[in-house]
Amino acid sequence: MQPSSLPRGLFITFEGGDGAGKSTQLRLLREALQEHGMGVVTTREPGGTEIGEKLRSLVLEHGHGQIDKRTEALIYAAARAAHVAQFITPHLSQGTHVVSDRFVDSSLAYQGVGRGLGIAAVAAINDFATGSLSPDLTILLDISAADGRARRIASTGGVEVSDRLEAEPDEFHENIRQAFLSLAHAAPERYLVLDANQPAEDLHARIMDRLQAVL
Ligand code: TYD
């Protein structure tokens, strides 16, 4: 008799500009999957492991001096390699669904397009970092740079608190937005694109509809 193997969990990622409301949707999705009795873990990038959280503060906090753009891309990729090896793959092979706040597409958009390193170069280092792991479903919460900034400010009680990337001008964030939209356009079977200005409950319902098909 063949040894029975557990069905692999689904790997679902959320992408979008800063302030798009990814964390709310991540939580609603986790709760819904749990209510259906499924094993699910949520995580974020950069981060998700001890080394990943250290790399996260290196690359996001102000105060480490200038970070060259290739160095920045490699730090995100290094954090991701640890995340895949130590967290994502082990959970997926146990049959647990993994929902991540950002993954490779963020590097393609922010470092590849935003920093101008080129999609191909950034895709190559990330292929190496992840062993070519690709999400089963990617939800893009699409938001304009101005709306994203307004929502970030509202969430911090009217004060603008920005990390290194958020502090970039609106033009940078508009480029990122267009980059995400064209990544989604190139892979419609993997992407669900939603207008982040819709009420959270409506967005959640659209995500659950699409997931029925994947599940
Ligand atoms: P975070 O506080 O998690 O922002 P958000 O809630 O919007 O996800 O910070 C992550 C920041 O890092 C965000 O500005 C996007 C950026 N980033 C990259 O530039 N490249 C990457 O590969 C990843 C994962 C994030």
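Indexing begins at 1, ligand by ligand and atom by atom, following the structure's order. Sequential numbering from 1 along the given sequence is applied to the chain's residues.
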Is it true that Phe11 and Phe103 have ring centroids separated by less than 6.0 Å?
-> yes
What residue and heavy atom of the protein are closest to atom 22 (O) of ligand 1, and at what distance?
-> Ser107 OG, 2.5 Å
Considering heavy atoms of the protein only, find what lies nearest to atom 14 (O) of ligand 1 and give residue, atom and distance to 0.1 Å.
-> Asp18 OD1, 2.9 Å
Apply the side-chain hydrogen bond (donor to acceptor under 3.5 Å, both in side chains) test between Thr42 and each candidate in Arg27, Arg30, His97; give the one that qualifies.
-> Arg30
Ligand-side contact atoms (ligand 1) for residue partner Glu45, heavy atom cut-off under 4.0 Å = 24 (C)
Arg80 near ligand 1 by a heavy-atom separation under 4.0 Å = yes
With the threshold set at 4.0 Å, does a side-chain nitrogen-carboxylate oxygen contact exist between Arg206 and Glu201?
-> no
From the candidates Leu165, Leu26, Leu60, Val59, the one that places a heavy atom nearest atom 10 (C) of ligand 1 | Leu60
Please confirm whether Arg44 comes under 4.0 Å of ligand 1, counting heavy atoms of the residue only.
-> no
Nearest protein heavy atom with distance in Å, relative to atom 19 (O) of ligand 1 | Gln111 NE2, 2.9 Å
Cut-off 3.5 Å, side chains only: do Glu174 and Ser144 have a donor facing an acceptor?
-> no
Between Asp136 and Arg190, is there a salt bridge with N-O shorter than 4.0 Å?
-> no
Residue, atom name and distance, where the atom is the protein heavy atom closest to atom 18 (C) of ligand 1 | Tyr76 CZ, 3.2 Å
Going by atom types only, do Thr13 and Thr138 share a side-chain donor-acceptor pair under 3.5 Å?
-> yes
Proximity of Lys22 to ligand 1 by residue part, where a heavy atom lies under 4.0 Å | side chain
Sequence neighbours left out, cut at 3.5 Å: what donor-acceptor pairs do the side chains of residues 113-126 make with other protein atoms?
| from | atom 1 | to | atom 2 | distance (Å) |
| --- | --- | --- | --- | --- |
| Arg115 | NE | Glu72 | OE1 | 3.4 |
| Arg115 | NE | Glu72 | OE2 | 2.9 |
| Arg115 | NH1 | Glu168 | OE2 | 3.0 |
| Arg115 | NH2 | Glu72 | OE1 | 3.0 |
| Asn126 | OD1 | Arg80 | NH1 | 2.5 |
| Asn126 | ND2 | Val122 | O | 2.8 |

Work out whether the distance between some heavy atom of Arg56 and some atom of ligand 1 is less than 4.0 Å.
-> yes
With a 3.5 Å cut-off and no angle check, do the side chains of Tyr110 and Arg102 form a donor-acceptor pair?
-> yes
Per-atom contacts, ligand 1 versus Asp163 - under 4.0 Å to a heavy atom | 2 (O), 9 (O)
